Amino acid sequence: MSTTSVPKGSSLANKQFSTALSAMAVRAPTPLQALTGPMSNENTALRKLKQQTTTDMPVVRVDELAKGPGDVVQVDCAHVVKLRPVMGDRNAEGMGASLKYSTKDITLDMATLPVSAGGKMTQQRTPHSMRLNALAQLKRAIPAFRWQRSLTLLAGARGKQDGTDWVLPLATDPEFAEMMVNVVRAPTYNRHWVVNGSGLRQGGAQLASIATTDAMKLSHIDELAALWDEMSIKMAPINIPGDPAAGDDPIKGVLMVDPLVWDAMITDTTSSSNIRTWEANAIKRADYGDLRRHPLFSGAPIFWNGILVRKMQFGIRQDAGDSVNIVTAANRLTGNETTTTVAAGLSTTHQMARSVFLSAQALALVSGANQSSEETYSLLENKTNFERNLELAGEIMGVEEKLRWALPNANGELEMTDFGVAVIDSVVKKRFV
């Protein structure tokens, strides 16, 4: 009988720990998990080579760089072409519409989250396992960091919210840009709305005139659904794998709202808005499509007019007088950004809160593989002070990027467009002034 031992410092031990950390990070209940579809089972060489998940969900996971060397992955977008029929026996040769594509390069980088497990005397003084506690901190922090970085890219701003639950620092931090890897870009003009009374005003310029009465109500969901139907550059509906009702009752998208926006919506007392009906609709749609087990329908979401509404854990908020990057109507084609100032009328009692509406193909989640562990997430250990002090670190070989291309609008002009994400800005009342 032979025994197998894994000596200290063995690469096998690192891989075992890293696999466990990777599994915990991937399964952690952040919105990224719920918004990502499975790996496609289409039998095509392109899909196999690209190693990406289905494009019917808001987050497209691209594992191409986990299979080999490299730090840049290319994501392509095929333009929807306008076709024209040729009738009868007329010559159709050479009359076909040209296929056009837009491409986007996404750069991969590594992030390391270190945590100290203390020394021998630290462990002696407490009954708790410092190693297990450090691992638990990494289990929480790694998925939170990736979601916060994703949310910042999707929202086009980091906002003012901060605290121990925020791993990603404020945009004023000198290392913020390095941590983001990819540039945070303001929402494109055709994907930005601001609550203006009972309606939604397109473009961020309205932030300069936003008022304390511009809270989001249930009626604004109806307005968003109508806008979705009439967009010249369409947002693709979400198709949850296994949903038999996707064809005749498509889910237009998921509206991820700020916690205070959620509170404002569920306390909406407008006579025509019945929150209980909307909650019942979510249950009915989940049953209809056999989606009760899907995480997007877990908890207590609301559903109306094809839009699923869920509350986010984190908020993207700005105070009165803050500068916000926007794209004006004049710059809608190029996507060049300017700044506007949030209306001073919000005073110290209210804030602007940004909600994120996600349709298919909003974000690319790119993953690579650490050379030592062959995993996207790696657990590193380092002993110092004559091996009496232990420091652990979680290493992430991955990056996120909002999917944006120049796409033809109704006039045939190429307009810079956030493909699967739009934002809605509204006003919330501060709970702590």
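Since we're looking at a predicted model, the values are computed, not measured.
- Closest approach of A343 to A208, counting heavy atoms only: CB-O, 3.3 Å.
- Across every non-hydrogen atom of V427 and A211, the tightest pair is CG2-O, 3.1 Å.
- For the residue pair S232 / N409, no side-chain donor-acceptor distance below 3.5 Å is found, with atom types taken as modelled.
- Annotation: the span from L346 atom CG to T212 atom OG1 amounts to 7.0 Å, rounded to 0.5 Å.
- A donor-acceptor pair under 3.5 Å links the side-chain atoms of D214 to the main chain of G197, judged by distance alone.
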W228 and F357: side-chain contact (heavy atoms from CB on, under 4.5 Å), yes or no, with the steps?
CA-CA 11 Å; W228 188 91; F357 178 67; 3.7 Å; yes
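- The shortest distance between side-chain heavy atoms of T417 and R191 falls below 4.5 Å.
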For residues 162-175, tabulate all N or O donor-acceptor pairs below 3.5 Å that involve a side-chain atom, not counting sequence neighbours.
unit_1	atom_1	unit_2	atom_2	d
D173	OD1	E175	N	2.8

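- Considering all non-hydrogen atoms of both residues, A320 and S347 come closest at CB-O, 3.5 Å.
- In this structure, L151 and I316 have side chains that are in contact, with non-hydrogen atoms separated by less than 4.5 Å.
- The line from CD of E337 to OG1 of T188 is 10.5 Å long, rounded to the nearest 0.5 Å.
- For the atom pair CD (E400) and CG (L154), the distance works out to 9.5 Å, reported to the nearest 0.5 Å.
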Run the numbers on V195 and I424 for side-chain contact (heavy atoms from CB on, under 4.5 Å), then give the verdict.
CA-CA 7 Å; V195 171; I424 301 178; 4.0 Å; yes
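- For the pair V184 and R158, the minimum side-chain heavy-atom distance is 4.5 Å or more.
- Residues satisfying the side-chain hydrogen bond (donor to acceptor under 3.5 Å, both in side chains) criterion with D263, sequence neighbours excluded, are absent altogether.
- To the nearest 0.5 Å, the span separating CE on M256 from CH2 on W262 amounts to 10.5 Å.
- The backbone N or O of D229 lies less than 3.5 Å from a partner atom in the side chain of K234, making a donor-acceptor pair.
- No more than 12 heavy-atom neighbours from other residues, nucleotides or ligands sit within 6.0 angstrom of NZ on K429.
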Apply side-chain contact (heavy atoms from CB on, under 4.5 Å) to F176 and T152, showing your working.
CA-CA 11 Å; F176 173 78; T152 299; 4.1 Å; yes
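- You'll find the side chain of L358 stays beyond 4.5 Å of the side chain of M235, heavy atoms only.
- Judged by distance alone, the side chain of R201 and the main-chain N or O of G204 form no donor-acceptor pair under 3.5 Å.
- With rounding to the nearest 0.5 Å, the separation of CG in L365 from CZ in R149 is 9.0 Å.
- Between F314 and P259 the shortest heavy-atom distance is O-CD, 4.0 Å.
- Residue R354 comes nearest to L207 through the heavy atom pair NH2-CD1, 4.3 Å, listed as atom of the first residue, atom of the second, then distance.
- Here the side chains of W304 and L218 are not in contact, with every heavy-atom distance at 4.5 Å or above.
- In this structure the side chain of D425 reaches within 4.5 angstrom of the side chain of H192, judged on heavy atoms.
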Given D418 and R185, is the salt bridge (charged side-chain N to carboxylate O under 4.0 Å, His left out) satisfied, shown in steps?
CA-CA 10 Å; D418 291 335; R185 301 189 187 281; over 6 Å; no
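- M216 is not listed as a side-chain neighbour of D258, based on a closest heavy-atom distance of 4.5 Å or more.
- Of all the heavy atoms in T338 and T328, the pair that sits closest is OG1-CG2, 3.4 Å.
- To the nearest 0.5 angstrom, R317 atom CZ is 12.5 Å from H350 atom NE2.
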For L414 and L407, run side-chain contact (heavy atoms from CB on, under 4.5 Å): C-alpha distance rounded to whole Å, both residues' side-chain angles, the deciding distance at 0.1 Å, then the answer.
CA-CA 5 Å; L414 290 180; L407 300 175; 5.7 Å; no
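- Taking the side chain as every heavy atom from C-beta outward, M416 and V327 never approach each other to under 4.5 Å.
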